[in-house]
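Data block below; observations after.
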Amino acid sequence: MLLSVIVFLPLAGALLVLLAGGRGDRPEREGTVRAVALGVSLVAFAATLFLWWRFNPAEPGFQFVENHPWMPQFGISYHLGVDGISLFLVVLTGFLTPLSLLCSWESTHNNVKLFSFFMLVLESAMLGVFVSIDLFLFYIFWDAVLIPMYFLIGIWGYERRIYAAVKFILYTMVGSILMLVAIIGLSYAHGTISGQPTFDLQQLYGTALTWQMEKWFFLAFAVAFLIKVPLFPFHTWLPDAHVEAPTAGSVILAGVMLKMGTYGLLRFAYPLFPHAFSYFAPYIALLAVVGIIYGALVAMVQPDMKKLVAYSSVSHLGFVVLGLCSNTIQGVEGAIYQMLNHGVSTGGLFIIVGMLSDRRHTRLIAEYGGLKAVMPRLVACFMIVTLSSIAVPGFNGFIGEFLILLGSFRWMPWMTSVAASGVILSAVYMLWMFQRVNYGDVTNEKNRALPDLSTREWALMIPTVAMAIFMGVFPAIFLRTMEPSVMKVIDLINGVAR
Amino acid sequence: MLLLIPLLPFAGFVINALLGRRLPKSISGGLACLVMLASLAISAASVWTLVSHPDIPWLEATYYRWMSSGDLQIPVQFRLDHLSALMILVVTGIGSLIHIYSTAYMHEETDGEYARYFSYLNLFAAFMLVLVLGSTFPVMFVGWEGVGLCSYLLIGFWYKKRSAADAGKKAFVVNRIGDFGFILGMLLIFSKFTTLDFQAVAANVNTLPVEHSMGWVTVATLLLFLGATGKSAQIPLYTWLPDAMEGPTPVSALIHAATMVTAGVYMIGRNAVLFQHTPITLAVVAGIGIATALMAGTIGLVQNDIKRVLAYSTVSQLGYMFLAMGVGAYAAGIFHLYTHAFFKALLFLGSGAVIHALAGEQDIRNMGGLKKALPITYWTFLIGAIAIAGVPPLAGFFSKDEILWRTFAGGHRIMWIIGLVTSFLTATYMFRLVFLTFHGERRHDAPAAPAHPEEEEPAAHGVGHAAAASASSVHSSDIGHRASGIGHGHGAHLHDAPPAMTLVLIVLAIGSVLAGLVGIPHVLGGGNRIERFLDPAFEAHEMAPATEFQVSESRVRAGASPASEAAAATREPTAEEQGDAEWMLMLLSSGIAVAGIVIAAYFWLRNRKAAASIARGAAPVYTLLLNKYYVDELYNALVVQPIKQISTLVLWKGADAGLIDGTVNGVGFAVRESSGSLRRLQSGSIRAYAASLFFGVILILGWYLLR
Amino acid sequence: MDANIISFYIFAVIAVLASLGVVGQRNPMHSVMLLIVSFGALAGLYVLLDAPFSAVTQIIIYAGAIMVLFLFVVMLLNAHTEDDIPKTTIGPRALRIGVLLSLLLGVEVAVALSRLGITSFNNDPGMVSAISSVSRIGTQLFTTHSFAFEVTSILILVSMVGAVVIARREH
Amino acid sequence: MMNSLAATIPILIVVLSAIAAMLAEAIRHPGERMYIAGFGLIGLAGAGVASVFLWDTDAVSFGVVRADNFTLFINIILCIIGILTMLFSHEVVEREGLPAGEYYALTLFAISGMMLMVAAIDLLVIFLALEVLSLSVYVLTALRRASAAGSEAAFKYFLLGGFSSAFFLYGIAFAFLLSNGSTRLDVIAQAIATGPNATVSLLAMGLLAVGFCFKVSAVPFHMWTPDAYEGAPTIVTAFMSTGVKAAAFGAFVRVFLSTFEPMQGQWIQVLSAIAVATMVLGAVMGVLQNNVKRMLAYSSIAHAGYLLLGIIAANSAGKAAVLFYLLTYAVANLGALGIVALLGTAEHPHDQLRDFAGLWKTRPALAGLMTVFLLSLGGFPPTAGFVGKWYIFSAAVQEGHYALAIVGVLSSVVSVFFYLRIVVMMYMTEEGAVPVRPHVSAAAMAGLAFAMLATFYLGVLPTRVIDYALQSIQTIF
Amino acid sequence: MLTLNHFLILSGVLFSIGTIGVFLRRNLITILLSIEIMLNAVNLTFVAAGRYIGTVDGQIITFFVMTVAAAEAAVGLALVISLFRHRETLSPEAFTSLKW
């Protein structure tokens with residue numbers, strides 16, 4: 001029951017928000033609506049923490065399993081469960097949603113009711129993605145995520161929001177809908193072997209497919225997930241979506257949604273099609289490495305902070321994909337860890353950029369400069385988040401990148417060596433931006449009297465910064481919990497191939 | 001207890017970072033000094049514990065599991081052996097002094113900035129101690145990057161000044177290039193040994209034969225060495241260090257002279273067993289070291305910024321240390337590291353006192369005759385200069401001579417000769433600095449000194465280092481104000497620095513005189529105690545029983561292996577036959593040092609015109625040296641700009657926006673266009689519709705009939 | 001060459017020519033008249049096929065009722081000739097393509113049907129009389145096809161309502 | 001006697017309600033307000049109830065009407081379509097000044113024709129039912145006499161419909177020849193089974209396919225669709241886009257998946273080609289439309305393509321999927337077009353894309369409902385449209401038609417683009433100068449709410465309905 | 001000898017003549033007439049087939065077809081009248097306001 005509660009609590013909260021908001025767009029109810037939404041998301045976060053607390057780290061399989069037949073005709077069931085891999089993504093979702101609600105506090109006044117509604121619906125859908133272990137159910141959540149995000153970008157975004165929203169939804173749909181075909185095909189392929197088609201992930205593992213089928217199914221799955229990640233060269237929707245999305249949208253998009261792609265690779269694409277995986281893994285890894293370098297280089301020359309962070313995500317997620325492709329314990333654990341890190345640090349970066357653009361209504365780096373003198377506290381937080389993002393040891397980012405590199409080095413030393421140069425480039429682009437924004441003299445008079453962090457913004461920054469450091473100092477807490485499950489997945493892949 | 005050593009400065013950092021803004025200077029500065037002194041005390045106690053138990057090779061403390069993933073188990077573990085013992089004493093000792101010095105030097109800053117400064121400084125000390133104490137590569141790497149970070153923060157401390165911010169970033173990025181190598185080195189080692197513990201690696205590598213051709217150990221050590229070149233400012237990654245002089249002078253003393261930049265040397269010392277297995281790498285290390293030493297020495301000869309001269313001198317001395325490492329004289333290298341920490345810190349702090357007195361002036365062409373006005377500064381500075389020049393019996397002589405001797409004894413004659421030349425250069429440029437700064441007449445045009453220090457900038461600097469020169473103009477709030485506070489900083493009002501600073505200078509001067517005494521070589525009857533002290537650290541040991549919980553990875557551990565004994569054999573020259581040679585060389589190098597001083601005295605004390613005419617006569621060379629061989633420009637033209645241009649034009653505008661996104665949008669466009677043209681078929685004419693219908697019928701029937 | 005064949009060809013030629021006339025005529029009035037001729041020819045063919053009932057209904061219902069309706073509309077709208085609207089959205093070339101399509105259709109049907117092989121009629125007198133028996137048709141119509149017959153009532157009701165509601169003048 | 005009538009009861013009830021509506025109009029005093037839709041509601045509800053009672057009886061009347069579960073399932077879909085239409089109609093008819101009695105009568109006649117078309121197991125009756133429904137719909141299209149577009153649309157529809165029914169009839173003639181003098185489906189099936197006369201059976205099949213493809217508006221027989229949908233009064237568009245499709249597909253499935261199933265090898269390529277063209281063209285051509293009705297017309301073409309996949313798959317999943325999809329499509333499309341109809345007035349039809357600008361500000365509930373329907377049409381979970389699409393495509397995949405499924409899903413992405421254009425207008429564009437949007441009555445809102453609930457119900461808990469769909473195909477195929 | 005083929009081919013020819021009308025004629029009424037030609041062609045098929053098979057059903061169907069034709073003609077002509085009222089012309093080219 002716990003998982004169902006966690007998944008549907010935000011949805012119930014969303015309906016509650018609609019009730020609390022009354023009919024129409026009523027600004028006087030804004031406070032109530034925000035409070036309700038934030039309260040619900042906090043309760044959901046508490047629930048995810050409770051889940052973590054009750055989680056048995058020694059158990060490699062799924063826990064808190066709920067399995068009810070749903071459409072028994074097709075072998076579809078309402079099958080939820082978490083293991084060490086999804087647990088933290090669930091917690092991350094719970095963690096970031098209140099933050100993103102909070103960070104839109106000042107900037108979003110246009111129909112807050114609807115905004116909060118979509119945010120909570122989005123949370124539900126994302127949580128659903130991470131806890132579904134039935135492919136059909138997974139796909140439903142997977143696709144359902146698109147709609148609220150589409151609205152968040154399209155309604156509350158910036159100038160080219162419609163273009164970005166439409167591009168976002170269509171691009172990701174193209175990939176995922178091919179996956180749908182593959183899911184169906186897989187289910188029937190399983191059906192022809194075992195006599196009963198099923199969408200249950202655990203039963204589908206190890207389905208003996210012909211090579212042709214396995215290859216194409218894998219590609220369909222992989223493309224869907226890689227678009228979501230997004231891996232070079234499927235990434236171009238991301239900068240647009242990020243730049244145009246409201247801060248909260250960017251935070252969720254970068255923080256959680258991109259992880260849906262990498263999560264999908266690890267949970268579905270790789271273990272379901274191990275032969276195809278071992279055949280294609282080098283190519284995917286190659287793309288990941290190209291993406292690491294490419295994303296960093298392109299990020300370096302962006303004039304727009306959000307775009308810069310967006311391209312940096314391309315680079316960071318390249319590491320994650322590389323780690324996943326290595327299929328070594330360190331690589332995979334590092335990748336999962338890096339997903340969490342990226343959620344915290346890039347989420348934090350987007351929050352900070354959002355704070356700046358709340359104040360100045362621009363995201364162009366050139367408009368800023370010398371902020372450190374004006375807003376020392378904000379800049380201090382900015383610094384920490386930046387450091388976390390460029391993987392300075394002691395911060396969370398390092399653990400992830402190090403483990404990934406370590407794992408993939410054992411697999412493909414040369415490729416990894418190239419990838420490791422991303423470490424240099426990330427310092428270049430992040431510090432360059434940081435310097436242009438915060439150092440030097442205040443050149444633009446408009447920046448002269450900007451207020452420093454407000455209490456609300458402290459409430460945003462403290463958890464982010466605390467997590468960035470905590471996860472850098474005590475990674476074993478997380479790694480230990482995910483290890484049995486990761487071992488299991490690796491065994492699943494290795495059990496058949498390699 | 002080991003944990004407290006870095007933790008105390010870290011606590012100082014946390015307190016100053018969080019509360020510093022609201023604390024008065026006395027408290028924030030006092031706190032910072034206090035934690036450093038406490039750390040020093042604990043270090044001393046720890047070292048005493050270690051030394052008093054000769055039977056145990058090291059003290060070890062494991063705190064918790066940091067990274068744990070499959071066969072990768074990285075505990076947070078500190079290990080105090082003799083090498084790190086020396087290092088923590090240097091770090092906490094010199095660090096404490098510089099903290100004390102800074103309380104006065106930075107006094108003109110606002111409370112918030114003051115606290116920020118000390119918080120960074122404390123953080124630096126903490127990371128440096130982690131670097132030194134860490135028992136595994138990753139833990140060391142935490143400190144390694146951490147000190148880089150602090151260096152970044154401190155170089156850019158006066159962030160409003162663009163050049164400072166740039167220099168900080170440059171330092172970080174260049175260090176990152178090194179770190180890239182370091183990481184790859186770690187990965188390679190782990191992939192072979194599945195451990196990253198220094199001792200375990202050493203034990204493992206001892207089971208392998210010495211690698212005489214390009215094997216993976218060579219590759220790994222070269223990669224690690226790349227990291228060292230970044231951190232320790234060696235060719236090709238040295239360019240950040242001179243720029244780093246944008247930071248406050250005490251920072252230069254602590255980070256960019258005494259401690260952080262020596263981390264590369266330390267790291268090689270730490271992995272002596274590993275490096276000992278690859279003659280190729282050792283040759284590279286030595287070669288790079290000596291080349292750097294020479295190059296930096298030549299550049300130092302013509303620089304006009306007092307701190308830059310010292311910076312190049314640092315680079316040069318670091319080159320010596322790497323030379324020592326490269327020829328297998330690990331103890332000698334570390335010895336030089338240790339003595340260098342004293343006299344280079346002294347020199348930097350002395351230059352800080354000068355700058356302080358001159359209200360931010362850093363150009364030695366505008367100095368002169370400060371001997372009388374700043375006597376303590378002068379004398380301490382002079383001691384430092386003598387020490388670095390290598391005049392016996394000051395500290396520098398023993399360490400540098402040891403290196404040169406080992407180079408010679410190891411058969412590296414060319415390197416030895418270059419080393420001598422460099423030694424000569426060192427003496428020359430150091431005394432050029434001394435003479436230009438303290439002797440002669442004050443060239444600073446006193447009446448012209450403006451009332452507003454902001455406008456003090458000597459516009460015609462020639463070197464093009466407006467950045468350095470503009471120090472006084474931009475961060476007027478610090479040095480400029482201080483100058484006005486001290487009495488407008490010119491003429492008769494010049495005087496020595498406040499007591500906190502002079503005290504530190506004096507202590508360091510004493511150190512520079514005496515520090516070498518621990519390393520008096522055998523020929524001089526000293527017994528080279530430092531070498532005996534350090535040697536155990538350069539060998540592989542059985543893993544000592546863990547003091548706290550230990551990772552239960554079973555590893556193959558070899559004891560002190562034949563290989564390391566063989567290595568020891570090369571280090572221990574059979575004393576008797578070589579005694580004479582060593583004497584000779586000692587005299588030679590002392591003589592060269594003295595010669596350098598004399599030359600310097602001739603050109604810059606006696607006959608400055610001669611110096612100028614030589615400069616004119618060899619104008620191309622002079623310009624080349626003045627512009628530091630154009631390396632920065634070269635890097636800029638070959639690496640930085642191409643990357644920027646390619647990223648902007650090819651990757652972003654071309655590939656990303658044009659090709660990839662163009663394809664994506666092109667699909668959308670194609671759909672729209674085909675929609676636009678297909679809908680023309682829907683012409684509205686009923687005949688067309690009927691035609692379509694009939695067409696369908698014909699196709700269907702035709703398919704059936706003609707199939 | 002028996003009489004049946006000769007009559008068949010006569011009627012067939014009349015029917016085809018009249019039909020071509022219908023579609024080849026600019027004057028709708030003439031088209032209607034020619035269609036009636038065509039229907040007459042078809043009625044003759046029905047007779048040849050021993051289907052007098054159909055022949056009669058063809059004349060009575062088609063020629064007598066439906067065509068009158070057409071004539072009535074033609075005259076009501078006073079549309080004796082085609083309006084010359086030179087501007088056509090579909091050009092003459094496209095028009096030819098349309099005609100070509102129709103011809104192609106005819107060819108295809110003809111080819112298909114010619115594949116059936118010679119299928120001569122059964123001239124058994126018993127069967128012929130059964131076929132041409134009107135009472136039999138009536139019986140069949142009101143037994144086997146009674147439901148269809150009822151449906152036509154709805155059909156006619158619909159068309160009646162429809163015609164009224166469309167053609168009624170706006171008040 | 002009752003027994004022999006049983007199968008026709010739902011149809012009879014609807015016909016009676018149609019006549020009642022006509023009579024009501026006749027006895028109504030001019031200007032008197034009368035809720036004529038009530039007759040329709042009663043009749044349709046009755047037909048629905050009758051259909052429920054007939055479930056599993058497999059009654060046959062007159063040898064030509066068969067109330068098997070398949071019929072009844074579509075009957076219920078048609079009843080839902082009819083009831084929703086009736087709920088929306090009252091105010092629309094009044095506002096647009098449509099002749100009320102005729103409108104309701106013709107709508108109900110059309111529904112009876114649709115029911116009959118599905119129930120009939122005799123090609124002749126199918127043809128007659130087709131004509132009943134077609135003529136009703138032609139007239140309904142032209143019902144707004146003041147509108148030139150309406151007449152034009154109706155005439156185009158009528159003329160092309162006339163051509164297509166001639167083809168259809170020609171096909172019946174060949175089937176008649178083939179089956180030795182019968183138009184009953186079972187007899188034809190036997191004739192095909194016992195040794196088909198290849199040419200005649202191919203001709204019959206091809207020409208019948210033309211007739212059906214025309215009615216379901218498959219490419220290249222689709223040309224009338226956009227014009228007719230655009231020109232017709234919106235409420236009629238809503239009705240015919242769903243009802244006609246349901247009936248035509250019902251008959252299509254019955255004829256092709258039972259009678260002509262042995263010839264699957266002959267028609268599968270043809271229908272595949274048609275399906276591909278239909279899906280692609282429908283989706284692509286909808287992209288640039290600025291009239292919502294026209295856009296939804298192209299969308300309905302695309303949907304016909306997806307439905308064809310179910311027929312092509314020809315397995316039990318495919319057949320059941322067609323039924324299920326028809327239901328999901330019906331509620332969503334009727335909901336969407338119903339909203340368009342409800343927002344329109346005689347002067348301002350509210351069918352241009354830009355008319356929807358800022359709808360969510362003035363009418364958040366309608367905007368929300370519209371969004372749900374559009375998302376369902378686009379096939380987003382957790383709406384009915386997703387399950388429908390998934391079911392259809394999985395049927396195709398099950399038979400190995402991967403290529404068709406991929407074309408289908410990709411074209412559905414394209415169609416999502418234009419559904420989203422409406423969403424963009426409603427939510428993300430500032431309100432333009434739109435005249436005051438009319439009030440929407442509680443009845444209509446109830447209808448919309450029902451459609452929305454159905455959309456979610458079918459999207460989240462489709463099991464039961466899918467079970468019924470599976471049951472309903474087992475009796476005949 | 002008269003065979004079924006004669007009639008079927010004749011009906012095919014008539015049917016395709018009917019289809020030409022829509023392209024050749026620029027008059028809505030004539031186009032309606034061409035539909036009638038097509039229906040008649042089908043009727044001929046039915047009667048011929050009935051004769052060949054030996055059943056009266058062919059004639060009965062012809063009867064139904066005539067009914068349908070009548071109903072269609074009524075509605076069609078009503079539409080023609082309605083169109084004429086709007087545009088005062090019967091040319092199909094005048095009715096292309098709905099397109100694209």
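Computed from a prediction, not measured in an experiment: that's the story for all the values here. Lettering of chains follows the sequences in order, A, B, ..., and the numbering in each one begins at 1. Just so it is clear, the values below take in all heavy atoms, side chains as well, and ignore hydrogens, waters and symmetry mates.
Shortest non-hydrogen contact noted between B:Leu705 and C:Ala112 is CD2-CB, 3.4 Å.
If you take CZ on B:Phe695 and CG on C:Leu104, they are separated by 10.0 Å, rounding to the nearest 0.5 Å.
With contacts defined as side-chain heavy-atom distances shorter than 4.5 Å, the pair C:Leu105/B:Leu701 qualifies.
No more than 12 heavy atoms of other residues, nucleotides or ligands sit less than 6.0 Å from atom CZ of C:Phe72.
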